[in-house]
A.B. asks: 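My questions will all concern the structure given below.
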Protein chains: 2
Amino acid sequence: MPRSKAYSDDLVLEKAMNVFWVHGYEATSVRLLEKEMGINQFSIYASFKNKKNLFVNALRKYREHVIINRFQPLLQEGAGLVELERFLINATVIRKSFDNKKGCLVVNTAGELGEKDPEIAREINQYYDFIRNMLLQVLKNAVAKGEILSNTDVEKQANFFLGVMQGISVAGKTMGKNQLKDFVEIALNQIK
Amino acid sequence: MPRSKAYSDDLVLEKAMNVFWVHGYEATSVRLLEKEMGINQFSIYASFKNKKNLFVNALRKYREHVIINRFQPLLQEGAGLVELERFLINATVIRKSFDNKKGCLVVNTAGELGEKDPEIAREINQYYDFIRNMLLQVLKNAVAKGEILSNTDVEKQANFFLGVMQGISVAGKTMGKNQLKDFVEIALNQIK
DNA sequence: GTTTAAACTAAGCGATTGCTTAGTATTCGA
DNA sequence: TCGAATACTAAGCAATCGCTTAGTTTAAAC
């Protein structure tokens, strides 16, 4: 009986994610969202309830996005130190190439909204839990492969590299290319 | 001839700094500012021109604040590895004590506003230049005292520890106490 | 004590915020 | 083909945004 939607929820959500990524939460108006998402306000509210809920969904979408476009090499079976090194170096390169001034949406959100909203805080935590587990597996693989010492405290190192990744997300906006390289090189050298 | 102000620019600026620190830039309204600063809108605009200019001044004030309340041990003559270690450990402790959910105003600002506004970007860069130079001096002192190897690349290490500090500012909101400790311990161990 | 320039009060400016709603269009099952 | 349920359009809601302004108070210079 019903009329069918003229847009895909998933597709317009991805557009919304990009708008929030560029402008942040507060500075993104619903007017701008309807323009960039290509649907009007009624449809936004019908599909996503309200602005905050749309944002929470955009954060989830961002996790998917990063997993597919950035983390894949680290999630491959047996990925170890070589992949971690390549990933971190690549992270610094990407942040200093073309017009990539957006940084990391999750870090931006943690900075702007902090722990004020419980749903958003939950999403932030889930994002970092995922990364920590990913790093832990990579480090375990590295031990198994003999790339790092077998007595390495991999849990501790996972926390360290998570911190380094968060540092890179800030430093990507404030440091030059070479300084960023210094940061990552020392982080990697300590485990080799 | 003129009537004299009933408030101190410096004192109300410090109040404004705290409001921005808690709520961020966009989420801080001028109505909230006049309430917390204890002066009305006319006086805010008379003393600080507009909201953005007030914020830029608040960022400058924040640098003063942090220098006095956090960096002093590192700025003492001859401060070296012992002071750096104490400082970083202390940074993690402070971030996990009482109700300190504010994080670092500069990191929050970098996340929320990025490089969008040139004046704000300039203030962010000056803040980190100061820290980098401070760390560089500390590391030079540490070499002179024989606390670290004399062939240490102190410039590179300064960039590393700057990145670590930025990481702590994000991790302080997202990591638990012990994870934060892991992060800092590994960062420090690599130079010992 | 008068003059005068600035500090202050309170009201309100137009614009924009997130969100809603009344009315219309569309597509489905029957 | 028609009824029903949902998608959509466009207008507009109250509230708040950053900021200004007209009118009043105050304190220093003479």
Side-chain angles (χ1 to χ4, degrees), chain A residues 1-59 61 108-109 112-113 116-120 123, chain B residues 1-59 61 108-109 112-113 116-120 123:
Chain A
M1 324 167 189
R3 180 175 165 184
S4 49
K5 283 188 188 179
Y7 59 92
S8 144
D9 276 20
D10 201 62
L11 231 80
V12 296
L13 179 57
E14 194 169 340
K15 305 242 178 135
M17 175 197 81
N18 279 300
V19 182
F20 284 125
W21 200 354
V22 173
H23 297 98
Y25 179 72
E26 295 286 354
T28 298
S29 71
V30 182
R31 265 78 176 179
L32 179 60
L33 282 167
E34 68 175 336
K35 196 195 229 173
E36 297 293 320
M37 293 168 81
I39 59 179
N40 71 2
Q41 298 201 29
F42 173 89
S43 299
I44 294 177
Y45 286 93
S47 282
F48 302 100
K49 194 179 162 192
N50 55 38
K51 187 187 171 186
K52 200 201 80 178
N53 197 258
L54 172 60
F55 184 69
V56 172
N57 278 280
L59 282 177
K61 188 80 199 164
N108 295 353
T109 302
E112 182 180 356
L113 304 173
K116 266 164 253 174
D117 183 274
E119 284 185 69
I120 292 172
E123 207 53 48
Chain B
M1 326 168 186
R3 180 176 166 186
S4 48
K5 283 188 187 178
Y7 59 91
S8 145
D9 275 21
D10 200 63
L11 231 80
V12 296
L13 179 58
E14 194 169 341
K15 304 241 177 137
M17 175 197 81
N18 278 299
V19 182
F20 283 125
W21 199 354
V22 173
H23 298 97
Y25 178 73
E26 294 286 354
T28 297
S29 71
V30 181
R31 265 76 175 179
L32 180 59
L33 282 168
E34 66 175 338
K35 198 194 226 172
E36 296 293 321
M37 293 168 80
I39 59 179
N40 72 2
Q41 298 201 31
F42 173 87
S43 299
I44 293 177
Y45 286 93
S47 283
F48 302 100
K49 192 178 162 192
N50 56 37
K51 186 188 171 186
K52 199 202 82 179
N53 196 258
L54 171 61
F55 184 68
V56 173
N57 279 280
L59 281 176
K61 186 81 200 161
N108 294 354
T109 302
E112 182 182 355
L113 304 174
K116 265 164 256 174
D117 183 273
E119 286 185 66
I120 292 172
E123 207 53 48

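Residue numbering restarts at 1 for every chain, and letters A, B, ... go by the order of the sequence lines.
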A.B. asks: Please say whether more than 12 non-hydrogen atoms of neighbouring residues, nucleotides or ligands are located less than 6.0 Å from NZ in K52(A).
C.D. replies: yes
A.B. asks: What integer distance in Å separates L32(A):CG from dT17(C):P?
C.D. replies: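 The answer, rounded to whole Å, is 9 Å.
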A.B. asks: I need the NZ-P distance between K49(A) and dC19(C), as an integer number of Å.
C.D. replies: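 In whole Å, dC19(C) P lies 10 Å from K49(A) NZ.
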A.B. asks: For K5(B) and dA28(D), what is the distance between atoms NZ and C1' respectively, to the nearest whole Å?
C.D. replies: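 It is 16 Å, rounded to the nearest whole Å.
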A.B. asks: Can you measure R3(B) atom CZ to dA29(D) atom P for me and round it to whole angstrom units?
C.D. replies: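 Rounded to whole Å, this separation is 16 Å.
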A.B. asks: For the side chain of E34(A) and the backbone of I44(A), is there at least one donor-acceptor N/O pair under 3.5 Å apart?
C.D. replies: no
A.B. asks: For Y25(B), is there any backbone N or O sitting under 3.5 Å from a side-chain donor or acceptor partner on E112(B)?
C.D. replies: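 Pair found, side chain donor or acceptor close to backbone of Y25(B).
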A.B. asks: Can a donor-acceptor pair be found, under 3.5 Å and without considering hydrogens, that links the side chain of K51(B) to the backbone of T28(B)?
C.D. replies: yes
A.B. asks: Given atom CE of M37(A) and atom P of dG18(C), what is their separation to the nearest angstrom?
C.D. replies: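 The distance from CE of M37(A) to P of dG18(C) comes to 13 Å, rounded to the nearest Å.
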A.B. asks: Give the minimum heavy-atom separation between E119(B) and D117(B), together with the two atoms involved.
C.D. replies: N-OD1, 3.0 Å
A.B. asks: Could you pick out which residue, S4(B) or Y45(B), lies toward the 5' side of DNA chain D when each is mapped onto its nearest nucleotide?
C.D. replies: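 Residue closer to the 5' terminus by nearest nucleotide: Y45(B).
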A.B. asks: Without swapping roles, check the side chain of K15(A) against the backbone of K35(A) for a donor-acceptor pair under 3.5 Å.
C.D. replies: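 No, the answer is negative, given that no donor and acceptor are paired below the 3.5 Å cut-off.
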A.B. asks: What's the NZ-C1' distance between K35(A) and dT17(C), to the nearest Å?
C.D. replies: 16 Å
A.B. asks: Walk along nucleotides 9-14 of chain D from 5' to 3' and tag each nucleotide B, S or - by protein heavy-atom contact under 4.0 Å, base first, then sugar-phosphate.
C.D. replies: B--B--
A.B. asks: Using atom CZ of F48(A) as one end and atom P of dC8(D) as the other, report the distance to the nearest whole Å.
C.D. replies: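 Distance check: F48(A) CZ to dC8(D) P gives 12 Å.
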A.B. asks: Of the nucleotides dC8(C), dC19(C), dG18(D), which has the atom closest to the K51(A) side chain?
C.D. replies: dC19(C)
A.B. asks: So if I take residues 6-29 of chain A and measure heavy-atom distances to DNA chain D, which residues fall below 4.0 Å?
C.D. replies: A6(A), Y7(A)
A.B. asks: Please state whether the rings of F55(B) and F20(B) are parallel, tilted or perpendicular, taking 30° and 60° as the class boundaries.
C.D. replies: perpendicular
A.B. asks: In whole angstrom, what separates I44(A)'s CD1 from dC8(D)'s C1'?
C.D. replies: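 Result: 13 Å.
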